[in-house]
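Scroll down for the structure; my scribbles are underneath it.
Naming convention: chains lettered A, B, ... in sequence-line order (proteins, then strands); numbering from 1 in each chain.
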2 protein chains.
Amino acid sequence: MKLIAGEAPTRTEEIYRTAAELMVEKGYGGTSISDIAQAVGMTKAGLYHHFSGKQELLFQILNSAIDEGDRVVSKPARSIEDPEQRLRQLIRLQIQGQISLGLAFIVLFSERNHLEPAQQKKISGRMRKFHALIKQALRELAEQDRLRNLDVDIATMHIMNAMTGVARWKHQNFASDPEHLIQETIAYTMAALLKPAS
Amino acid sequence: MKLIAGEAPTRTEEIYRTAAELMVEKGYGGTSISDIAQAVGMTKAGLYHHFSGKQELLFQILNSAIDEGDRVVSKPARSIEDPEQRLRQLIRLQIQGQISLGLAFIVLFSERNHLEPAQQKKISGRMRKFHALIKQALRELAEQDRLRNLDVDIATMHIMNAMTGVARWKHQNFASDPEHLIQETIAYTMAALLKPAS
DNA sequence: TTGACAAGCTACCGATCGTTCGGTAACCTA
DNA sequence: TAGGTTACCGAACGATCGGTAGCTTGTCAA
(Lines give C-alpha, C1' and ligand atoms only; values in the text may rest on other atoms or scores of the structure.)
Protein backbone atom coordinates (compact mmCIF):
# COMPACT_ATOMS: atom_id res chain seq x y z
CA MET A 1 0.00 0.00 0.00
CA LYS A 2 2.02 2.93 -1.24
CA LEU A 3 1.21 6.34 0.13
CA ILE A 4 3.42 8.32 -2.18
CA ALA A 5 2.29 7.96 -5.78
CA GLY A 6 4.98 10.27 -7.09
CA GLU A 7 6.80 8.21 -9.68
CA ALA A 8 5.54 5.24 -11.67
CA PRO A 9 6.33 1.65 -10.60
CA THR A 10 6.25 0.44 -14.18
CA ARG A 11 5.47 -3.26 -13.70
CA THR A 12 2.66 -2.71 -11.23
CA GLU A 13 1.02 -0.18 -13.50
CA GLU A 14 1.39 -2.54 -16.43
CA ILE A 15 -0.50 -5.12 -14.42
CA TYR A 16 -3.25 -2.62 -13.63
CA ARG A 17 -3.46 -1.68 -17.29
CA THR A 18 -3.66 -5.25 -18.50
CA ALA A 19 -6.12 -6.30 -15.81
CA ALA A 20 -8.33 -3.34 -16.67
CA GLU A 21 -8.39 -4.26 -20.34
CA LEU A 22 -9.35 -7.82 -19.53
CA MET A 23 -12.07 -6.71 -17.15
CA VAL A 24 -13.51 -4.27 -19.67
CA GLU A 25 -13.69 -7.13 -22.13
CA LYS A 26 -14.92 -9.94 -19.91
CA GLY A 27 -16.22 -8.28 -16.76
CA TYR A 28 -14.84 -8.46 -13.24
CA GLY A 29 -16.39 -11.82 -12.41
CA GLY A 30 -15.40 -13.24 -15.76
CA THR A 31 -11.75 -12.31 -15.43
CA SER A 32 -9.72 -14.71 -13.31
CA ILE A 33 -6.40 -14.03 -11.64
CA SER A 34 -4.98 -16.72 -13.92
CA ASP A 35 -6.19 -14.80 -16.95
CA ILE A 36 -4.39 -11.70 -15.75
CA ALA A 37 -1.24 -13.66 -14.91
CA GLN A 38 -1.16 -15.22 -18.35
CA ALA A 39 -1.75 -11.86 -20.04
CA VAL A 40 1.19 -10.21 -18.29
CA GLY A 41 3.39 -13.33 -18.59
CA MET A 42 3.60 -14.33 -14.95
CA THR A 43 2.20 -16.91 -12.58
CA LYS A 44 -0.69 -16.27 -10.23
CA ALA A 45 1.54 -16.38 -7.19
CA GLY A 46 3.87 -13.83 -8.71
CA LEU A 47 1.01 -11.40 -9.14
CA TYR A 48 0.33 -11.37 -5.42
CA HIS A 49 3.54 -9.43 -4.89
CA HIS A 50 1.82 -6.47 -6.54
CA PHE A 51 -1.58 -6.55 -4.81
CA SER A 52 -3.17 -8.30 -1.88
CA GLY A 53 -6.39 -9.59 -3.46
CA LYS A 54 -8.71 -9.42 -6.42
CA GLN A 55 -11.09 -6.96 -4.85
CA GLU A 56 -8.28 -4.65 -3.87
CA LEU A 57 -6.93 -4.92 -7.42
CA LEU A 58 -10.20 -3.55 -8.79
CA PHE A 59 -10.12 -0.79 -6.20
CA GLN A 60 -6.57 0.17 -7.19
CA ILE A 61 -7.46 0.11 -10.88
CA LEU A 62 -10.43 2.37 -10.33
CA ASN A 63 -8.40 4.74 -8.19
CA SER A 64 -5.50 5.00 -10.58
CA ALA A 65 -7.93 5.49 -13.45
CA ILE A 66 -9.49 8.40 -11.58
CA ASP A 67 -6.01 9.72 -10.74
CA GLU A 68 -5.13 9.73 -14.39
CA GLY A 69 -8.49 11.25 -15.26
CA ASP A 70 -7.86 14.07 -12.82
CA ARG A 71 -4.43 14.65 -14.29
CA VAL A 72 -5.15 14.57 -18.02
CA VAL A 73 -8.82 15.57 -18.14
CA SER A 74 -10.18 17.44 -15.14
CA LYS A 75 -7.17 19.57 -14.26
CA PRO A 76 -6.45 20.88 -17.79
CA ALA A 77 -10.13 21.53 -18.41
CA ARG A 78 -10.74 23.27 -15.10
CA SER A 79 -8.52 26.19 -16.09
CA ILE A 80 -10.64 27.10 -19.11
CA GLU A 81 -12.85 30.02 -18.27
CA ASP A 82 -15.62 29.84 -20.85
CA PRO A 83 -17.99 27.03 -19.86
CA GLU A 84 -18.71 25.98 -23.45
CA GLN A 85 -15.04 25.71 -24.36
CA ARG A 86 -14.42 23.94 -21.06
CA LEU A 87 -17.08 21.37 -21.86
CA ARG A 88 -15.76 20.86 -25.39
CA GLN A 89 -12.26 20.27 -24.06
CA LEU A 90 -13.57 17.98 -21.33
CA ILE A 91 -15.18 15.71 -23.90
CA ARG A 92 -12.15 15.82 -26.17
CA LEU A 93 -9.65 14.99 -23.45
CA GLN A 94 -11.83 12.28 -21.99
CA ILE A 95 -12.23 10.47 -25.30
CA GLN A 96 -8.59 10.95 -26.24
CA GLY A 97 -7.57 9.59 -22.85
CA GLN A 98 -9.68 6.51 -23.36
CA ILE A 99 -8.22 5.85 -26.78
CA SER A 100 -4.52 6.63 -26.44
CA LEU A 101 -3.95 5.86 -22.79
CA GLY A 102 -5.53 2.85 -21.15
CA LEU A 103 -7.92 5.26 -19.51
CA ALA A 104 -10.65 3.09 -20.97
CA PHE A 105 -11.19 1.54 -17.56
CA ILE A 106 -13.76 4.24 -16.99
CA VAL A 107 -16.06 1.62 -18.35
CA LEU A 108 -15.26 -0.35 -15.22
CA PHE A 109 -17.28 1.98 -13.05
CA SER A 110 -20.15 -0.27 -13.93
CA GLU A 111 -18.25 -2.94 -12.00
CA ARG A 112 -17.79 -0.93 -8.85
CA ASN A 113 -20.59 -2.90 -7.20
CA HIS A 114 -18.12 -5.73 -6.70
CA LEU A 115 -16.29 -3.65 -4.12
CA GLU A 116 -17.05 -3.49 -0.43
CA PRO A 117 -19.44 -0.68 0.57
CA ALA A 118 -16.67 1.41 2.10
CA GLN A 119 -14.59 1.19 -1.07
CA GLN A 120 -17.65 1.86 -3.21
CA LYS A 121 -18.31 5.05 -1.30
CA LYS A 122 -14.77 6.29 -1.90
CA ILE A 123 -14.97 5.63 -5.63
CA SER A 124 -18.43 7.13 -5.96
CA GLY A 125 -17.28 10.18 -4.05
CA ARG A 126 -14.33 10.73 -6.34
CA MET A 127 -16.50 10.22 -9.41
CA ARG A 128 -19.00 12.75 -8.19
CA LYS A 129 -16.31 15.39 -8.53
CA PHE A 130 -15.98 14.65 -12.20
CA HIS A 131 -19.72 14.69 -12.46
CA ALA A 132 -19.86 18.03 -10.68
CA LEU A 133 -17.39 19.50 -13.15
CA ILE A 134 -19.83 18.90 -15.98
CA LYS A 135 -22.82 20.03 -13.97
CA GLN A 136 -21.03 23.24 -13.00
CA ALA A 137 -20.31 24.07 -16.64
CA LEU A 138 -23.98 23.53 -17.46
CA ARG A 139 -25.04 25.82 -14.63
CA GLU A 140 -22.72 28.56 -15.85
CA LEU A 141 -24.13 28.23 -19.34
CA ALA A 142 -27.63 28.50 -17.90
CA GLU A 143 -26.68 31.67 -16.01
CA GLN A 144 -25.43 33.16 -19.24
CA ASP A 145 -28.70 32.16 -20.93
CA ARG A 146 -26.83 30.01 -23.43
CA LEU A 147 -28.36 26.71 -22.32
CA ARG A 148 -31.57 25.18 -23.58
CA ASN A 149 -34.44 24.64 -21.16
CA LEU A 150 -33.41 21.18 -19.91
CA ASP A 151 -32.93 19.13 -16.76
CA VAL A 152 -29.29 19.67 -15.80
CA ASP A 153 -28.94 16.37 -13.94
CA ILE A 154 -30.27 14.30 -16.79
CA ALA A 155 -28.19 16.23 -19.31
CA THR A 156 -25.09 15.56 -17.20
CA MET A 157 -25.92 11.87 -17.29
CA HIS A 158 -26.27 11.98 -21.05
CA ILE A 159 -22.90 13.64 -21.47
CA MET A 160 -21.16 11.15 -19.20
CA ASN A 161 -22.96 8.38 -20.99
CA ALA A 162 -21.89 9.56 -24.43
CA MET A 163 -18.23 9.63 -23.37
CA THR A 164 -18.19 6.20 -21.79
CA GLY A 165 -20.24 4.90 -24.69
CA VAL A 166 -17.53 5.91 -27.14
CA ALA A 167 -15.08 3.85 -25.09
CA ARG A 168 -17.40 0.86 -25.25
CA TRP A 169 -17.71 1.07 -29.04
CA LYS A 170 -13.98 0.90 -29.40
CA HIS A 171 -14.09 -2.59 -27.95
CA GLN A 172 -16.56 -3.95 -30.44
CA ASN A 173 -17.50 -2.77 -33.89
CA PHE A 174 -16.33 0.81 -34.25
CA ALA A 175 -12.93 1.65 -35.69
CA SER A 176 -13.35 5.12 -37.11
CA ASP A 177 -10.81 7.91 -37.24
CA PRO A 178 -10.50 9.10 -33.61
CA GLU A 179 -10.39 12.79 -34.45
CA HIS A 180 -13.54 12.50 -36.52
CA LEU A 181 -15.25 10.61 -33.71
CA ILE A 182 -14.27 13.30 -31.22
CA GLN A 183 -15.45 16.17 -33.39
CA GLU A 184 -18.77 14.52 -34.14
CA THR A 185 -19.37 13.70 -30.48
CA ILE A 186 -18.63 17.26 -29.41
CA ALA A 187 -20.84 18.70 -32.14
CA TYR A 188 -23.67 16.30 -31.26
CA THR A 189 -23.48 17.14 -27.57
CA MET A 190 -23.24 20.88 -28.07
CA ALA A 191 -26.22 20.88 -30.41
CA ALA A 192 -28.20 19.07 -27.73
CA LEU A 193 -27.22 21.53 -25.02
CA LEU A 194 -26.91 25.01 -26.45
CA LYS A 195 -29.52 27.40 -27.68
CA PRO A 196 -29.24 27.84 -31.45
CA ALA A 197 -27.16 30.82 -32.55
CA SER A 198 -29.54 33.70 -33.10
CA MET B 1 -35.30 -26.92 -28.00
CA LYS B 2 -38.75 -25.72 -28.86
CA LEU B 3 -39.43 -24.68 -32.42
CA ILE B 4 -42.86 -23.20 -31.88
CA ALA B 5 -42.70 -20.17 -29.61
CA GLY B 6 -46.41 -19.49 -29.85
CA GLU B 7 -47.57 -19.26 -26.24
CA ALA B 8 -45.57 -18.46 -23.12
CA PRO B 9 -44.15 -21.21 -20.89
CA THR B 10 -44.40 -19.08 -17.79
CA ARG B 11 -41.79 -20.69 -15.58
CA THR B 12 -39.07 -20.75 -18.22
CA GLU B 13 -39.64 -17.09 -19.00
CA GLU B 14 -39.51 -16.27 -15.31
CA ILE B 15 -36.10 -17.92 -15.18
CA TYR B 16 -34.91 -15.89 -18.17
CA ARG B 17 -36.19 -12.71 -16.56
CA THR B 18 -34.52 -13.40 -13.24
CA ALA B 19 -31.26 -14.54 -14.81
CA ALA B 20 -31.20 -11.41 -16.95
CA GLU B 21 -31.64 -9.16 -13.93
CA LEU B 22 -28.82 -10.90 -12.10
CA MET B 23 -26.53 -10.68 -15.13
CA VAL B 24 -27.27 -6.99 -15.65
CA GLU B 25 -26.31 -6.45 -12.03
CA LYS B 26 -23.28 -8.71 -11.70
CA GLY B 27 -22.22 -9.53 -15.25
CA TYR B 28 -22.34 -12.86 -17.05
CA GLY B 29 -19.17 -14.21 -15.54
CA GLY B 30 -20.12 -12.94 -12.12
CA THR B 31 -23.47 -14.69 -12.10
CA SER B 32 -23.34 -18.36 -11.20
CA ILE B 33 -25.95 -21.00 -11.91
CA SER B 34 -26.34 -21.31 -8.15
CA ASP B 35 -27.17 -17.60 -7.93
CA ILE B 36 -29.90 -18.01 -10.51
CA ALA B 37 -31.22 -21.16 -8.86
CA GLN B 38 -31.44 -19.46 -5.50
CA ALA B 39 -33.14 -16.40 -6.99
CA VAL B 40 -35.91 -18.43 -8.60
CA GLY B 41 -36.17 -20.85 -5.66
CA MET B 42 -34.89 -23.99 -7.31
CA THR B 43 -31.86 -26.22 -7.27
CA LYS B 44 -29.12 -25.99 -9.87
CA ALA B 45 -30.10 -29.38 -11.25
CA GLY B 46 -33.70 -28.31 -11.64
CA LEU B 47 -32.66 -25.37 -13.78
CA TYR B 48 -31.11 -27.64 -16.37
CA HIS B 49 -34.57 -28.87 -17.20
CA HIS B 50 -35.22 -25.43 -18.73
CA PHE B 51 -31.97 -24.87 -20.62
CA SER B 52 -29.01 -26.91 -21.69
CA GLY B 53 -26.13 -24.74 -20.49
CA LYS B 54 -25.09 -21.34 -19.25
CA GLN B 55 -23.96 -20.12 -22.64
CA GLU B 56 -27.21 -21.18 -24.25
CA LEU B 57 -29.10 -19.45 -21.43
CA LEU B 58 -27.48 -16.16 -22.35
CA PHE B 59 -28.27 -16.79 -26.01
CA GLN B 60 -31.94 -17.45 -25.19
CA ILE B 61 -32.14 -14.36 -22.99
CA LEU B 62 -30.71 -12.18 -25.73
CA ASN B 63 -33.02 -13.66 -28.32
CA SER B 64 -36.16 -13.30 -26.27
CA ALA B 65 -35.16 -9.73 -25.39
CA ILE B 66 -34.88 -8.95 -29.09
CA ASP B 67 -38.18 -10.73 -29.73
CA GLU B 68 -39.86 -8.53 -27.19
CA GLY B 69 -38.09 -5.48 -28.58
CA ASP B 70 -39.41 -6.25 -32.04
CA ARG B 71 -42.89 -6.65 -30.68
CA VAL B 72 -43.22 -3.63 -28.39
CA VAL B 73 -40.72 -1.19 -29.95
CA SER B 74 -39.78 -1.82 -33.59
CA LYS B 75 -43.13 -2.96 -34.95
CA PRO B 76 -45.28 -0.16 -33.46
CA ALA B 77 -42.73 2.47 -34.43
CA ARG B 78 -42.28 1.21 -37.97
CA SER B 79 -45.83 2.16 -38.89
CA ILE B 80 -45.30 5.84 -38.13
CA GLU B 81 -44.74 7.74 -41.33
CA ASP B 82 -43.00 10.94 -40.21
CA PRO B 83 -39.36 10.11 -39.39
CA GLU B 84 -39.16 12.56 -36.51
CA GLN B 85 -42.29 11.23 -34.82
CA ARG B 86 -41.07 7.71 -35.50
CA LEU B 87 -37.78 8.42 -33.80
CA ARG B 88 -39.48 10.06 -30.82
CA GLN B 89 -41.75 7.06 -30.39
CA LEU B 90 -38.83 4.67 -30.82
CA ILE B 91 -37.00 6.27 -27.92
CA ARG B 92 -40.12 6.42 -25.77
CA LEU B 93 -41.08 2.81 -26.32
CA GLN B 94 -37.55 1.57 -25.83
CA ILE B 95 -37.14 3.32 -22.48
CA GLN B 96 -40.63 2.37 -21.33
CA GLY B 97 -39.94 -1.22 -22.27
CA GLN B 98 -36.77 -1.23 -20.24
CA ILE B 99 -38.49 0.18 -17.19
CA SER B 100 -41.86 -1.56 -17.07
CA LEU B 101 -41.04 -4.87 -18.73
CA GLY B 102 -37.81 -6.66 -18.01
CA LEU B 103 -36.63 -5.51 -21.40
CA ALA B 104 -33.68 -4.02 -19.55
CA PHE B 105 -31.55 -6.93 -20.69
CA ILE B 106 -30.62 -4.80 -23.65
CA VAL B 107 -27.74 -3.88 -21.41
CA LEU B 108 -26.61 -7.46 -21.78
CA PHE B 109 -25.58 -6.92 -25.36
CA SER B 110 -22.29 -5.85 -23.90
CA GLU B 111 -21.99 -9.46 -22.75
CA ARG B 112 -22.58 -11.02 -26.13
CA ASN B 113 -18.86 -11.69 -26.46
CA HIS B 114 -19.31 -14.62 -24.10
CA LEU B 115 -21.20 -16.47 -26.83
CA GLU B 116 -19.72 -18.69 -29.50
CA PRO B 117 -18.94 -16.89 -32.78
CA ALA B 118 -21.91 -18.43 -34.57
CA GLN B 119 -24.31 -17.30 -31.84
CA GLN B 120 -22.66 -13.87 -31.74
CA LYS B 121 -23.29 -13.44 -35.44
CA LYS B 122 -26.96 -14.26 -35.08
CA ILE B 123 -27.42 -11.77 -32.26
CA SER B 124 -25.42 -9.06 -33.99
CA GLY B 125 -27.44 -9.60 -37.15
CA ARG B 126 -30.72 -9.20 -35.34
CA MET B 127 -29.45 -6.10 -33.53
CA ARG B 128 -28.37 -4.54 -36.78
CA LYS B 129 -32.02 -4.44 -37.82
CA PHE B 130 -32.87 -2.29 -34.84
CA HIS B 131 -29.86 -0.18 -35.64
CA ALA B 132 -30.99 0.15 -39.24
CA LEU B 133 -34.39 1.38 -38.12
CA ILE B 134 -32.78 4.39 -36.48
CA LYS B 135 -30.39 4.98 -39.32
CA GLN B 136 -33.23 4.88 -41.83
CA ALA B 137 -35.15 7.55 -39.91
CA LEU B 138 -32.06 9.73 -39.90
CA ARG B 139 -31.62 9.30 -43.63
CA GLU B 140 -35.23 10.30 -44.26
CA LEU B 141 -34.76 13.38 -42.12
CA ALA B 142 -31.66 14.24 -44.12
CA GLU B 143 -33.56 13.88 -47.39
CA GLN B 144 -36.15 16.29 -46.08
CA ASP B 145 -33.40 18.71 -45.09
CA ARG B 146 -34.46 18.55 -41.45
CA LEU B 147 -31.23 16.96 -40.16
CA ARG B 148 -28.11 18.77 -39.02
CA ASN B 149 -24.88 18.19 -40.88
CA LEU B 150 -23.69 15.15 -38.96
CA ASP B 151 -22.26 11.65 -39.36
CA VAL B 152 -25.32 9.39 -39.47
CA ASP B 153 -23.48 6.32 -38.19
CA ILE B 154 -22.04 8.07 -35.18
CA ALA B 155 -25.35 9.75 -34.43
CA THR B 156 -27.05 6.36 -34.54
CA MET B 157 -24.53 5.11 -32.01
CA HIS B 158 -25.22 8.04 -29.75
CA ILE B 159 -28.96 7.44 -29.87
CA MET B 160 -28.55 3.75 -29.09
CA ASN B 161 -26.14 4.65 -26.36
CA ALA B 162 -28.49 7.16 -24.75
CA MET B 163 -31.26 4.59 -24.58
CA THR B 164 -29.19 1.80 -23.09
CA GLY B 165 -27.57 4.34 -20.78
CA VAL B 166 -30.93 5.23 -19.28
CA ALA B 167 -31.41 1.54 -18.50
CA ARG B 168 -28.02 1.42 -16.79
CA TRP B 169 -28.82 4.42 -14.59
CA LYS B 170 -31.92 2.74 -13.32
CA HIS B 171 -29.69 0.13 -11.74
CA GLN B 172 -27.59 2.57 -9.76
CA ASN B 173 -28.30 6.09 -8.62
CA PHE B 174 -31.16 7.42 -10.74
CA ALA B 175 -34.74 7.09 -9.56
CA SER B 176 -36.51 9.94 -11.27
CA ASP B 177 -40.04 10.06 -12.61
CA PRO B 178 -39.96 7.83 -15.72
CA GLU B 179 -42.13 10.12 -17.84
CA HIS B 180 -39.87 13.08 -17.05
CA LEU B 181 -36.82 11.01 -17.90
CA ILE B 182 -38.35 9.97 -21.22
CA GLN B 183 -39.36 13.48 -22.21
CA GLU B 184 -35.97 14.93 -21.34
CA THR B 185 -34.16 12.21 -23.25
CA ILE B 186 -36.31 12.73 -26.33
CA ALA B 187 -35.86 16.49 -26.16
CA TYR B 188 -32.10 16.15 -25.70
CA THR B 189 -31.77 13.79 -28.63
CA MET B 190 -33.97 15.80 -30.95
CA ALA B 191 -32.07 18.99 -30.18
CA ALA B 192 -28.88 17.18 -31.10
CA LEU B 193 -30.25 15.88 -34.38
CA LEU B 194 -32.62 18.40 -35.90
CA LYS B 195 -31.96 21.74 -37.49
CA PRO B 196 -33.35 24.54 -35.34
CA ALA B 197 -36.81 25.69 -36.30
CA SER B 198 -36.42 28.67 -38.59
C1' DT C 1 31.89 -10.30 -0.01
C1' DT C 2 27.97 -10.30 2.04
C1' DG C 3 23.28 -9.91 2.91
C1' DA C 4 18.80 -7.71 2.54
C1' DC C 5 15.03 -7.42 -0.35
C1' DA C 6 11.99 -7.25 -4.26
C1' DA C 7 10.17 -10.28 -7.79
C1' DG C 8 9.58 -14.23 -9.32
C1' DC C 9 8.71 -19.42 -9.13
C1' DT C 10 6.53 -24.48 -7.93
C1' DA C 11 3.26 -26.77 -5.45
C1' DC C 12 -0.62 -26.89 -3.16
C1' DC C 13 -5.22 -25.61 -0.36
C1' DG C 14 -10.38 -25.51 0.32
C1' DA C 15 -14.26 -23.60 -2.05
C1' DT C 16 -16.97 -22.99 -5.81
C1' DC C 17 -17.73 -23.43 -10.65
C1' DG C 18 -20.77 -25.57 -14.61
C1' DT C 19 -22.57 -29.85 -15.49
C1' DT C 20 -24.44 -34.64 -15.19
C1' DC C 21 -26.58 -38.46 -12.98
C1' DG C 22 -30.36 -41.34 -11.12
C1' DG C 23 -34.45 -40.88 -9.01
C1' DT C 24 -39.35 -39.14 -7.83
C1' DA C 25 -43.82 -36.89 -7.10
C1' DA C 26 -47.56 -34.93 -9.77
C1' DC C 27 -50.00 -34.71 -13.69
C1' DC C 28 -51.96 -35.93 -18.49
C1' DT C 29 -53.82 -39.16 -21.70
C1' DA C 30 -55.55 -43.53 -23.55
C1' DT D 1 -55.38 -47.89 -14.47
C1' DA D 2 -51.11 -48.20 -17.14
C1' DG D 3 -47.62 -45.48 -19.55
C1' DG D 4 -45.57 -41.34 -20.50
C1' DT D 5 -44.31 -36.61 -19.69
C1' DT D 6 -43.14 -32.49 -16.94
C1' DA D 7 -40.75 -30.42 -13.36
C1' DC D 8 -37.98 -30.86 -10.07
C1' DC D 9 -34.54 -32.94 -6.34
C1' DG D 10 -29.98 -34.70 -3.78
C1' DA D 11 -25.54 -36.07 -4.71
C1' DA D 12 -21.66 -36.10 -7.03
C1' DC D 13 -18.09 -35.12 -11.06
C1' DG D 14 -13.78 -32.81 -12.78
C1' DA D 15 -12.18 -28.29 -13.52
C1' DT D 16 -11.17 -23.96 -12.07
C1' DC D 17 -11.52 -20.41 -8.69
C1' DG D 18 -8.93 -16.99 -5.34
C1' DG D 19 -5.34 -17.40 -2.28
C1' DT D 20 -1.05 -19.21 0.51
C1' DA D 21 3.56 -21.31 1.91
C1' DG D 22 8.07 -21.66 0.96
C1' DC D 23 11.89 -21.69 -2.17
C1' DT D 24 15.02 -19.34 -5.72
C1' DT D 25 16.68 -15.74 -8.08
C1' DG D 26 18.68 -10.90 -9.59
C1' DT D 27 20.10 -6.40 -7.93
C1' DC D 28 22.47 -3.29 -5.23
C1' DA D 29 24.14 -0.93 -1.04
C1' DA D 30 27.34 -1.51 2.89
- Item | Test: A:Arg17 and A:Glu14 ion pair at under 4.0 Å | no
- Message: Using the ring pair (Phe, Tyr, Trp, His ring centres under 6.0 Å) criterion, which residues pair with B:His114? Sequence neighbours excluded.
- Response: B:Tyr28
- Message: At a heavy-atom distance below 4.0 Å, what parts of residues 114-121 of chain A sit against DNA chain D?
- Response: none
- Salt bridge B:Arg88-B:Glu84, side-chain N to carboxylate O under 4.0 Å: yes
- Indicate whether the side chain of B:Gln60 and that of B:Glu56 have a donor and an acceptor atom separated by less than 3.5 Å. yes
- Query: What are the bounds, 5' to 3', of the part of DNA chain D that sits under 4.0 Å from heavy atoms of chain A?
  - Reply: D:dC17 to D:dA21
- Note on the structure: Sorted by chain and number, sequence neighbours left out, salt bridge (Lys or Arg N to Asp or Glu O under 4.0 Å) with A:Lys75 holds for none
- Note on the structure: As a check of understanding: the bend across the helix from C:dT1-D:dA30 to C:dC27-D:dG4, end axes from five pairs, rounded to 10 degrees, works out to 0°
- Message: Taking ring pair (Phe, Tyr, Trp, His ring centres under 6.0 Å) as the definition, give me every residue that meets it alongside B:Phe51, ordered by chain and number, with sequence neighbours left out.
- Response: B:Tyr48
Please tabulate, one pair per line, all N/O donor-acceptor pairs under 3.5 Å involving side-chain atoms of residues 182-194 of chain B, not counting sequence neighbours.
{"residue": "B:Gln183", "atom": "NE2", "partner": "B:Glu179", "partner atom": "OE2", "Å": "2.8"}
{"residue": "B:Glu184", "atom": "OE1", "partner": "A:Asp151", "partner atom": "N", "Å": "2.9"}
{"residue": "B:Thr185", "atom": "OG1", "partner": "A:His158", "partner atom": "NE2", "Å": "3.2"}
{"residue": "B:Thr185", "atom": "OG1", "partner": "B:Leu181", "partner atom": "O", "Å": "2.7"}
{"residue": "B:Thr189", "atom": "OG1", "partner": "B:Thr185", "partner atom": "O", "Å": "2.8"}

- Hey, quick one: are A:Ile91 and A:Leu150 part of the same hydrophobic cluster, counting side-chain heavy atoms closer than 4.5 Å, chains of contacts allowed? yes
- Partners meeting side chain to side chain donor-acceptor pair (under 3.5 Å) with A:Gln144 (sequence neighbours left out): A:Arg146
- Heavy-atom donor-acceptor pair, A:Asn113 side chain to B:Lys26 backbone, under 3.5 Å: no
- So if you build clusters from Ile, Leu, Val, Met, Phe, Trp, Tyr with side-chain heavy-atom gaps below 4.5 Å, do B:Met42 and B:Ile36 land together? yes
- Task: Using the closest heavy atom to pick a nucleotide of DNA chain C for each, name whichever of A:His50 or B:Ser32 lands nearer the 5' end.
- Result: A:His50
- Note on the structure: Min and max contacting nt of DNA chain C in 5' to 3' order, chain A heavy atoms within under 4.0 angstrom, are C:dA7 to C:dT10
- Those residues at least two apart in sequence (or on a different chain) that pass salt bridge (Lys or Arg N to Asp or Glu O under 4.0 Å) with A:Arg126 are A:Asp67, A:Asp70
- Query: Taking the side chain as C-beta and beyond, is there a heavy-atom pair between A:Ile80 and A:Leu87 under 4.5 Å?
  - Reply: no
- Item | Of all pairs that satisfy salt bridge (Lys or Arg N to Asp or Glu O under 4.0 Å), the ones with a partner from residues 186-198 of chain A, not counting sequence neighbours | A:Asp145-A:Lys195
- Item | Near-strand residues of residues 34-44 of chain A, defined as heavy-atom separation under 4.0 angstrom from DNA chain C | A:Met42, A:Thr43
- Item | Side-chain heavy atoms of B:Lys122 within contact of B:Leu62, under 4.5 Å | no
